[in-house]
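Have a look at the structure below before the remarks.
Counting begins at 1 with the first residue of the sequence. We count ligands from 1, going down the list as the structure has it; atoms in each ligand are counted the same way.
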Amino acid sequence: MSETRAVTFPDLSAFKRAGRKIVVLTCYDALFARLLDDAVDVLLVGDSVHQVLGGHETTLGATLDQMIYHGAAVRRGSHHALVVVDMPFLTYQVSIPEAIRNAGRILQETGAHGVKVEGGRHLVPTVSALVQAGIPVMGHLGLTPQSVNALGGYKVQGREEGVAKALIEDARALESAGASALVLELVPRALAARVSAAIQIPTIGIGAGPECDGQVLVLHDMLGLNEGFTPRFLKHYAGLAATVREAAERYAAEVRGGAFPGPEQSFE
Ligand code: KIV
């Protein structure tokens, strides 16, 4: 779908009220931002960049400067999509003034429209303070990757009723604190449906089933560039790893065989 008017945070809730699904992809650079901008509603500059592009095991080592670099690149490549940048681990947990300063840097230095933070009720004062400072906030519940060590791995959250009820309360608390939307990662479909019905702000699911108000996937995963990563929730919309490998092999063969560069690529 191609739209010319830039998407805003209030639009996301309006989309939910209208029953229009919200389309989100992660994006880390200007080149892909230009390619994705018209197709999606939100470009999420996820701290997954630290894993996907950086080759790290977890997101924990991502830094504020790194997120600002990628956020600014995505903003340079986009005009239509709402751009949300992940606040990395330890940039919003230490104190509220630090969280405001760091989120403010993200907005000032990247031109992004809002930030995403991971966590539930304990973040209510922080989310309220950010929102009061004019910084839109997207929450993130369920499997929160910055807590992977505490959670014991990347596994589905909220299968037990007690945990499910706590997650619904967390969602309500974040909504009351002023969050504009909520990512739900790796939760059972029925729980995501309960959360989505319990709050007015939209839920954006990843591994959370079709009842969410929108969906997000990691771009490089859905393009089939991350070959070894095949979790149940992922669908490949392209198989680019094979395309890239084949192009590199043809290039190598032509360079080694003397076919590249040919006369067309050479200057007299
Ligand atoms: O960092 C990220 O890419 C994310 C999405 C998986 C939601 O948080």
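Residue Phe267 is found outside any hydrophobic cluster, as its side-chain heavy atoms come under 4.5 Å of no other Ile, Leu, Val, Met, Phe, Trp or Tyr. If you chain together ILVMFWY residues whose side-chain heavy atoms come under 4.5 Å of each other, Leu60 ends up grouped with Phe89, Leu90, Val94. Alongside Tyr251, the hydrophobic cluster contains Val255, Phe260 (criterion: ILVMFWY side chains under 4.5 Å).
For the pair His70 and Asp29, the minimum side-chain heavy-atom distance is 4.5 Å or more. Put simply, the side chain of Asp37 reaches to within 4.5 Å of the side chain of His79, judged on heavy atoms.
Between Arg194 and Glu161 there is a salt bridge, with a side-chain nitrogen of the basic residue lying less than 4.0 Å from a carboxylate oxygen of the acidic one.
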Put together the list of close N/O pairs, under 3.5 Å, between ligand 1 and the protein, could you?
from	atom 1	to	atom 2	distance (Å)
ligand 1	1 (O)	Asp47	N	3.2
ligand 1	1 (O)	Asp47	OD1	3.1
ligand 1	1 (O)	Ser48	N	3.1
ligand 1	1 (O)	Ser48	OG	3.3
ligand 1	1 (O)	Asp86	OD2	3.1
ligand 1	3 (O)	Ser48	OG	2.5
ligand 1	8 (O)	Lys116	NZ	2.9

